[in-house]
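A note on names: the letters A, B, ... follow the listed sequences, proteins ahead of strands, and every chain is numbered from 1.
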Number of protein chains: 2
Amino acid sequence: MSPKTRPSDPITVIVVEDDVLFRDSIRELIDDSPAIRCGATFESCEDALVALQDELAPDVILLDVDLPGMSGIEGISHFRRVSPASRIIILTVFDDDDKIFNAVCQGASGYLQKSASAENVGACILDVVAGGAAMSPHIAAKVLSMFAQYSEPKKEYGLTIREKEILHHLVGGVSKKHIAETLFISQHTVETHLKNIYAKLQVHSQIDVVAKALREHLI
Amino acid sequence: MSPKTRPSDPITVIVVEDDVLFRDSIRELIDDSPAIRCGATFESCEDALVALQDELAPDVILLDVDLPGMSGIEGISHFRRVSPASRIIILTVFDDDDKIFNAVCQGASGYLQKSASAENVGACILDVVAGGAAMSPHIAAKVLSMFAQYSEPKKEYGLTIREKEILHHLVGGVSKKHIAETLFISQHTVETHLKNIYAKLQVHSQIDVVAKALREHLI
DNA sequence: AATACCATACCGCGATCCCGGTATTTGCAT
DNA sequence: ATGCAAATACCGGGATCGCGGTATGGTATT
């Protein structure tokens, strides 16, 4: 999330694409836009990664998915490491849901179909540089559903305040004895609370409690 | 993710919106589309929730954010409980990032600005019923960045295959003894592996291991 | 006033875990 | 082939946990 601050500077883009024809055509297409400049093109992730190590980071990396050697999807994490400020747009021939989904999970900011028009390409790049993300409703839904699933099921087990407190310490890796000391109560009391927690969460060990708490985000 | 299977049926929509004028105008707008029917309108989440309890679930719920009583954002989780099959679209006046971000995290499938054109409204509803999600690049980026952050930092601690296997069972709540039985090795061996895991992860108990594994997604 | 629930405290036994060792076999790589 | 890392195995003592109890004072609700 670092939107371009000086829009007067041309946006620099690099292209990683093994097909020569397409690589050249997209370069032209980019250079036609006044605000965008194509810095360099590469035919593999490996080449691009080497070049990026001692050059200035481009604003945007256009990255093909199907590449010889390291795939575009794999490449994403590497690019993000060597050039964290660069935003990544995936180039695909088909609207391959799973690949694109993986890509955005890896940190891509958007994707473009290779059939995209010049305006689309430009708009997508600008969106992304402005701090946005470009993706189809279908991909968006996939991402959201995982998100919702992750943040939603905060089931309630009827834990009392004290029990939640104990649970919290427990998840933090504190032993019963130490919890007792911290809360100024007897260790027996901690055990009683713990027993009640076990019953409510239907588990039978600290491990299970911690696992369940973390998995269901009761922390 | 349950796309409408019989597109010949009209899509039923309900509207929850306190402003009478806007409520009526959006109802008209919806009923103008042949494929979409406005089932009912409500002026608060509370009213709508009561009505939904003994009525058929609508395909889509159009939900205003600013409502008297329960806000639209709060309402999302309730609607999802009483009518899990319904998809939720948020109505907003402004492009309020934080609210919309919260909304999608709660399980909304998209949002519409109140200034949206008739085509936009229709397209958004159709997108969402088709199993997609509708949101602006800016919101999409916010969601993605959280996602990337969540799936990225899979640190490596140099665990061996066997150690990862042990760790996996441990996180599943299996006791050392049982792990030994499952893997056809002695319990002593499990303990040795465990000691090595402790050293590598720099922890000192099963609890810590499980907590660390779940938190850093080493599972 | 009665009831219910919570937080607190205590006991003891058997199971499990933590950690300090040592040691052999296996497999991969130089 | 030689060496190193991983996987395997074993021991024992002290700490911790799991669970079966019982019990009492406080607070909130009815």
Side-chain angles (χ1 to χ4, degrees), chain A residues 46 69-70 74 154-219, chain B residues 46 69-70 78 154-219:
Chain A
E46 289 83 351
M70 188 190 299
E74 294 172 71
K154 27 184 168 177
K155 294 173 195 165
E156 199 49 68
Y157 293 93
L159 295 182
T160 67
I161 301 106
R162 199 56 158 177
E163 283 162 358
K164 282 179 186 166
E165 201 174 358
I166 306 265
L167 177 58
H168 194 264
H169 284 103
L170 212 57
V171 173
V174 190
S175 73
K176 288 199 293 188
K177 181 191 273 185
H178 205 268
I179 292 175
E181 287 166 7
T182 309
L183 300 183
F184 301 106
I185 58 180
S186 132
Q187 185 169 338
H188 304 295
T189 307
V190 177
E191 276 158 17
T192 306
H193 286 312
L194 215 34
K195 278 189 280 190
N196 295 331
I197 295 174
Y198 289 173
K200 288 178 182 175
L201 299 202
Q202 302 196 77
V203 295
H204 309 279
S205 73
Q206 287 191 7
I207 313 273
D208 289 331
V209 166
V210 172
K212 190 154 192 165
L214 283 174
R215 266 198 264 267
E216 306 191 3
H217 313 102
L218 313 169
I219 35 169
Chain B
E46 288 84 349
M70 187 189 301
H78 296 90
K154 28 185 166 177
K155 293 174 196 165
E156 200 48 70
Y157 292 94
L159 295 183
T160 69
I161 302 106
R162 200 54 159 178
E163 284 162 359
K164 282 178 187 167
E165 201 174 356
I166 306 264
L167 178 57
H168 194 264
H169 284 103
L170 211 59
V171 172
V174 189
S175 75
K176 286 200 292 189
K177 181 191 274 187
H178 205 269
I179 292 176
E181 288 166 6
T182 309
L183 300 182
F184 301 106
I185 57 179
S186 134
Q187 185 169 340
H188 303 296
T189 307
V190 177
E191 274 159 17
T192 306
H193 286 311
L194 215 35
K195 276 188 282 190
N196 295 332
I197 295 175
Y198 288 175
K200 288 179 182 175
L201 297 202
Q202 303 196 75
V203 296
H204 307 91
S205 73
Q206 287 192 8
I207 313 275
D208 289 330
V209 167
V210 172
K212 191 153 190 165
L214 284 174
R215 266 197 264 267
E216 305 191 4
H217 314 101
L218 312 170
I219 36 169

task: Please name all residues satisfying side chain to side chain contact (heavy atoms under 4.5 Å, CB included) with A:Thr189, sequence neighbours left out, ordered by chain then number.
output: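 Once residues adjacent in sequence are excluded, the partners of A:Thr189 under the side chain to side chain contact (heavy atoms under 4.5 Å, CB included) criterion are A:Ile185, A:Ser186, A:His193.
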
query: Listed by chain and number, what are the side chain to side chain contact (heavy atoms under 4.5 Å, CB included) partners of B:His204, not counting sequence neighbours?
result: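 For B:His204, no residue satisfies side chain to side chain contact (heavy atoms under 4.5 Å, CB included) once neighbours in sequence are set aside.
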
task: Sugar-phosphate means primed atoms, P, OP1 and OP2; the rest is base. With that split, encode nucleotides 16-30 of chain D 5' to 3' as B, S or - using protein heavy atoms under 4.0 Å.
output: SSSBBB---------

Please table the atom pairs, donor to acceptor, closer than 3.5 Å between any side-chain atom in residues 167-179 of chain A and protein atoms at least two apart or in another chain.
from, atom 1, to, atom 2, distance (Å)
A:His169, ND1, A:Glu165, O, 3.1
A:Ser175, OG, A:His178, N, 3.2
A:Lys176, NZ, A:Glu191, OE2, 3.4

- request: Shoot me the first and last contacting nucleotide of DNA chain C against chain A, ordered 5' to 3', at under 4.0 angstrom to non-hydrogen atoms.
  value: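 Terminal contacting nucleotides, 5' to 3': C:dC6 to C:dC11.
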
task: Would you work out how much the helix from C:dA1-D:dT30 to C:dT30-D:dA1 bends between its ends, with each end axis defined by five base pairs, to 10 degrees?
output: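 Overall, the helix from C:dA1-D:dT30 to C:dT30-D:dA1 bends by 60° from one end axis to the other.
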
For the [atom1] atom of [X] and the [atom2] atom of [Y], what is their distance to the nearest 0.5 Å?
| X | Y | atom1 | atom2 | result |
| --- | --- | --- | --- | --- |
| B:Ile197 | B:Thr160 | CD1 | OG1 | 7.5 Å |
| B:Arg162 | B:Thr192 | CZ | OG1 | 12.5 Å |
| B:Leu159 | B:Lys200 | CG | NZ | 5.5 Å |

May I have the distance from [X] (atom [atom1]) to [N] (atom [atom2]), rounded to whole angstrom?
| X | N | atom1 | atom2 | result |
| --- | --- | --- | --- | --- |
| B:Ile166 | D:dT8 | CD1 | C1' | 11 Å |
| B:Glu163 | D:dA6 | CD | P | 7 Å |
| B:His188 | D:dA9 | NE2 | P | 9 Å |

message: If you define the side chain from C-beta out and look only at heavy atoms, does anything of B:Val190 sit under 4.5 Å from B:Leu183?
response: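 They are not in side-chain contact.
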
- request: Report yes or no: does A:Lys212 contribute a side-chain atom to a donor-acceptor pair with the main-chain N or O of A:Val203 at less than 3.5 Å?
  value: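 It does not hold such a pair.
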
field: OP1 or OP2 of D:dA5 under 4.0 Å from side-chain N/O of B:Thr160
entry: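 For D:dA5, OP1/OP2 do not have a side-chain N/O of B:Thr160 under 4.0 Å.
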
field: Over all atoms of both residues, closest heavy-atom pair of B:Glu46 and B:Met70
entry: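 Scanning both residues, the minimum pair turns out to be OE2-N, 3.0 Å.
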
- request: For residues B:Leu214 and A:Val210, report the shortest heavy-atom separation together with the two atoms involved.
  value: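 Taking B:Leu214 first and A:Val210 second, the nearest heavy atoms are CD1-O, 4.4 Å.
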
task: Could you tell me whether B:Ser186 contacts a base, only the sugar-phosphate backbone, or nothing, with contacts defined as non-hydrogen atoms closer than 4.0 Å?
output: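 Sugar-phosphate contact only.
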
